[in-house]
Amino acid sequence: MWQTLPLWPARASTLAGRTDALMIFMLAVTGFFTVMIFILILVFALRFRRTRNPIVTHIEGSNALEAAWTLIPFGIFMVMFIWSAGIYMTWAQPPPNAEEVFVVGKQWMWKFEHPEGQREIDQLHVPLGRAVRLTMISQDVIHSLFLPEFRVKQDVLPGRYTTTWFQTTKPGSYHLFCTQYCGTMHSGMIGEVVVMEPAAYQAWLSGGNAEGSLASTGQKLFQQLGCTTCHRFDTQGRGPNLLGLYGKPVLLDDGRTVTADDNYIRESILTPGAKVVAGFKPIMPTFQGIVNEEQLLSLAAYLKSLSQPERRQPGSNRPAEPPHPASAPARSR
Amino acid sequence: MATIAAPAVERENYLNTDFRVRSWLLTTDHKRIGILYLLSITAMFFVGGFAATMIRLELLTPAGDLMSSDTYNKMFTIHGIVMVFFFLIPSIPATLGNFLVPMMIGARDLAFPKINLASWYMYITGAGLMMYVVLTGGVDTGWTFYVPFSSTYSNTHVIAAVVAIFIAGFSSIFTGFNFIVTIHRMRAPGMTWSRLPLFIWSHYATSVIMVLGTPVVAIALTLVALERAFHMGIFDPRLGGDPLLFQHLFWFYSHPAVYIMILPSMAVVSEVVSTFSRKRVFGYAAVALASIAIAVLGFLVWAHHMFVAGISAYAALVFSLLSYFVAVPSAIKVFNWMATMYKGSVSLATPMLYAMGFIGLFTMGGMTGLYLAALGIDVHVHDTYFVIAHFHYIMVGGAVMGYLAGIHFWWPKISGRMYPEAWGKIAAATIFIGFNLTFFPQFVLGYLGMPRRYHAYPPEFQVLNVMSTAGASILAVGYVLPLIYLLWSLRYGEVAPDNPWAATGLEWRTPSPPPTENFPETPVVTWEAYDYSSVAEVPVAR
């Protein structure tokens with residue numbers, strides 16, 4: 001178990017090793033200069049104390065020294081900047097083949113949804129060694145998902161999706177904290193991440209799941225809400241054909257082009273008039289207050305499944321049945 | 001007692017001209033206004049300190065068992081708001097700056113004495129409203145007022161709290177622009193820009209930040225109040241707003257505000273290190289320019305508070321790079337202070353001990369700032385106790401140490417009495433030890449992953465938290481000591497000579513305490529700053 005006086009957190013993701021390496025470098029560099037400054041202050045204070053050195057040697061200054069202690073720290077800072085920027089860019093760009101998990105934060109709990117349909121609260125099961133991408137949104141205030149053993153953190157905003165990712169390296173159970181102050185029970189908005197061997201994870205995924213995949217939930221919702229009336233899978237609908245839309249560029253009626261990602265789909269459901277596809281009228285009603293964040297995620301998962309006739313991981317993610325005609329991509333640029 | 005120093009009739013000075021309460025409340029004398037500020041911010045310091053004590057006591061055990069979560073959340077909010085807006089920001093500028101800026105440049109008063117008094121009334125009004133908020137139920141948003149929590153979800157007195165800060169902000173703007181005008185227009189003959197004490201350069205830089213930055217936080221907080229009161233959609237996405245907009249506006253002021261807190265401390269340290277080394281500040285121009293560089297660059301780094309907030313990765317790269325730029329002038333200052341001590345004639349009187357403490361602790365605060373500017377590391381340590389430890393090293397280890405250095409250094413001038421030297425040294429050592437024991441363990445806690453603003457925490461963090469609380473109790477003793485012995489010295493302290501440290505500043509060429517008009521006639525400056533040959537006497541200090 002944990003020691004009484006832990007000094008360094010466990011390392012359980014690929015990013016943790018890189019973060020720690022930079023941390024150790026920075027501890028060495030800043031430790032060296034800090035100790036040097038402390039020693040010099042003490043040495044100067046004692047060596048030149050008034051009783052020992054009553055007569056001052058006046059020195060005006062030195063441009064060479066000023067240049068040295070401007071440029072040397074600057075050079076060291078640039079090493080830190082470039083090294084740390086490399087880690088950040090890796091953190092900021094989830095690999096394309098990552099497993100997806102959807103996260104909804106609310107005062108004061110974490111809800112996780114796997115595309116396969118498994119839902120959890122304050123507990124997240126992930127497979128060992130696979131990259132996992134979290135697509136996150138808040139139902140109320142800003143939260144922040146922090147996984148210290150993975151050295152990963154990302155604020156979770158109301159109103160739009162943020163993403164983060166990690167690739168685990170060690171099975172076990174790890175802390176999950178909310179790190180953005182969110183009200184009364186902020187310190188209770190905690191949980192755990194359980195990293196499982198892939199086989200055990202597959203077994204866990206398929207166990208006790210009656211609801212079907214997230215995409216199939218989305219498909220049902222898509223029909224219940226009557227979306228199919230206008231968004232037909234041919235060119236006759238009053239709304240754009242959504243088949244193959246996900247991830248593609250969309251030309252808007254004001255000439256702009258946006259990518260049809262989760263944030264665009266969410267916005268188009270809640271605020272349909274904000275970005276209208278070129279060639280269509282702004283006739284869609286808003287679904288604000290009708291669909292909640294989890295349902296929005298399932299709708300996005302459904303639209304995504306319409307763009308992926310076959311999955312890279314056979315068996316792990318069953319896509320919802322795409323309606324037949326595999327033609328007609330949404331819009332050309 | 002002393003045969004010559006205390007004549008039967010005391011010399012007339014700014015303190016004994018008039019003893020009526022009215023003469024204090026309606027004074028336009030910058031020195032008396034400095035004293036009014038000194039009393040008010042000291043009271044606020046102990047309010048903020050009380051909240052800090054409650055926080056540290058609660059964190060002694062992992063379970064949240066001393067108070068409810070709501071009370072704890074109000075405690076850290078009050079601690080933050082009071083310490084930042086009502087103590088640190090006015091601390092040195094409004095007390096020592098008010099007292100010393102006119103004296104150091106050879107002026108009779110600030111350019112706008114009535115506005116100076118108005119600034120104190122703004123401050124007192126804001127502080128009074130804040131205390132009303134505290135006593136009638138408090139506020140629980142954290143000092144950062146992040147939306148939409150503050151604008152929509154909190155059930156506490158958010159609007160009153162932001163109005164209190166808004167009002168107090170004006171005291172800061174008034175002080176800032178008064179200093180700018182005074183430094184431009186009221187320097188004595190011969191007091192050229194290159195002869196200004198570095199205290200003035202730093203206060204000039206501080207004033208620029210106050211005048212340019214404070215309106216932005218005032219606007220941001222006003223918008224929070226408007227959204228809360230009238231549901232105007234500015235920040236809450238449900239109303240069509242953008243929560244990150246608030247963070248940009250808030251940090252656009254609140255990052256430079258860190259420099260409002262630290263630059264005046266650097267101002268004090270430059271004076272103290274030079275005086276107690278009896279040597280001109282090494283690289284005068286570099287130190288002066290570093291102050292200006294900090295003020296300018298300080299406005300360009302705000303989004304380093306938002307690396308994991310959901311901003312673009314490319315914006316984060318730019319803000320990380322700029323954050324490293326602002327570290328350079330701080331490093332320049334540290335090296336120049338050290339070089340000032342080199343081959344000087346160093347006296348380890350209390351102000352110098354505090355100044356040396358400042359250099360050491362500010363260095364640690366600055367060095368750990370490099371970790372937070374490092375994008376990859378910030379992802380891990382952001383919003384953990386690592387951040388708490390870092391900014392307390394800057395604000396307590398730096399700003400408060402500098403403030404105490406300044407209070408001791410100018411105490412003879414302000415009060416006309418010497419503080420007890422032995423007690424001064426004991427307090428300085430107590431504060432240094434207590435401070436490090438309180439905040440060093442928090443760096444470890446932060447890297448381990450303990451989030452800030454947690455009422456309860458996992459049990460494995462307990463030992464480090466107990467160390468921190470133990471340190472805080474030592475620190476509390478260290479802060480109470482000066483309060484006691486400085487008050488004691490007002491009556492029993494040795495009568496101060498005019499220039500006990502043989503310092504070079506114009507303020508030391510006046511009687512202690514100075515007369516209301518500061519200088520009987522306008523001084524003419526014919527010497528460079530820190531020219532110790534211009535003061536003949538040998539310092540009496542040990």
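In what follows, every chain begins at residue 1, and chains take the letters A, B, ... in the order their sequences are listed.
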Side chain, backbone, both or neither: which part of A:F81 has a heavy atom under 4.5 Å from chain B? both
If you count heavy-atom pairs within less than 4.5 Å of chain B, which of A:F150, A:F74, A:W83 leads? A:F74
Could you check whether the rings of A:F77 and B:Y324 sit parallel, tilted or perpendicular, using 30° and 60° as the cut-offs? tilted
Could you check A:L157 against A:I137 for side chain to side chain contact (heavy atoms under 4.5 Å, CB included), going step by step and ending with a plain yes or no? CA-CA 6 Å; A:L157 305 174; A:I137 195 156; over 6 Å; no
Are A:Y181 and B:N73 close enough that a side-chain donor and a side-chain acceptor fall under 3.5 Å? yes
Among the listed options A:A85, A:A92, A:P158, the residue most often paired with chain B at heavy-atom distances under 4.5 Å: A:P158
Partner chain B: residue of A:L27, A:I87, A:T184 with the largest heavy-atom pair count (under 4.5 Å): A:T184
At a heavy-atom separation under 4.5 Å, does A:M89 approach chain B through its side chain, its backbone, both, or neither? side chain
With a 3.5 Å cut-off and no angle check, do the side chains of B:H455 and B:S69 form a donor-acceptor pair? yes
What residue, out of B:G344, B:G283, B:S277, has the most heavy-atom pairs lying under 4.5 Å from chain A? B:G344
Under 30°, 30 to 60°, or over 60°: which ring-plane class applies to B:F250 and B:Y146, parallel, tilted or perpendicular? perpendicular
Below 4.5 Å, heavy-atom pairs only: which of B:T363, B:V381, B:V463, B:I377 has the largest tally toward chain A? B:I377
Chain B contacts, top residue of A:L42, A:L40, A:I142, A:L65 (heavy-atom pairs, under 4.5 Å): A:I142
Rounded to the nearest 0.5 Å, how far apart are CD of A:Q288 and CD1 of A:I269? 11.5 Å
Counting heavy-atom pairs under 4.5 Å with chain A, the top scorer among B:T144, B:D378, B:L317 is B:L317
Taking side chain as everything from C-beta outward and backbone as N, CA, C, O, which of these in A:W91 sits under 4.5 Å from a heavy atom of chain B? Side chain, backbone, both or neither. side chain
If you tally heavy-atom pairs under 4.5 Å between each of A:S138, A:S84, A:P148, A:S62 and chain B, the highest tally belongs to A:S84
For the residue pair B:F246 and B:F235, categorise the inter-ring angle as parallel (less than 30°), tilted (30 to 60°) or perpendicular (more than 60°). perpendicular
Is chain B contacted by the side chain of A:D20, its backbone, both, or neither, given a heavy-atom distance below 4.5 Å? both
Chain A shares the most heavy-atom pairs under 4.5 Å, among B:Y530, B:F325, B:F335, B:W337, with B:F335
If you count heavy-atom pairs under 4.5 Å with chain A, which of B:L370, B:V444, B:T141 comes out on top? B:L370
For chain A, find which of B:S345, B:A327, B:P237 contributes the most heavy-atom pairs closer than 4.5 angstrom. B:S345
Salt bridge (Lys or Arg N to Asp or Glu O under 4.0 Å) pairs, two or more places apart, involving residues 81-90 of chain A: none
Would the A:H186 and B:Y454 ring centres measure less than 6.0 Å apart? yes
Taking NZ, NE, NH1 and NH2 as the nitrogens, is one of them in A:R266 or A:E293 under 4.0 Å from a carboxylate oxygen of the other? yes
Among A:A45, A:G86, A:G188, the residue with the most heavy-atom pairs under 4.5 Å to chain B is A:A45
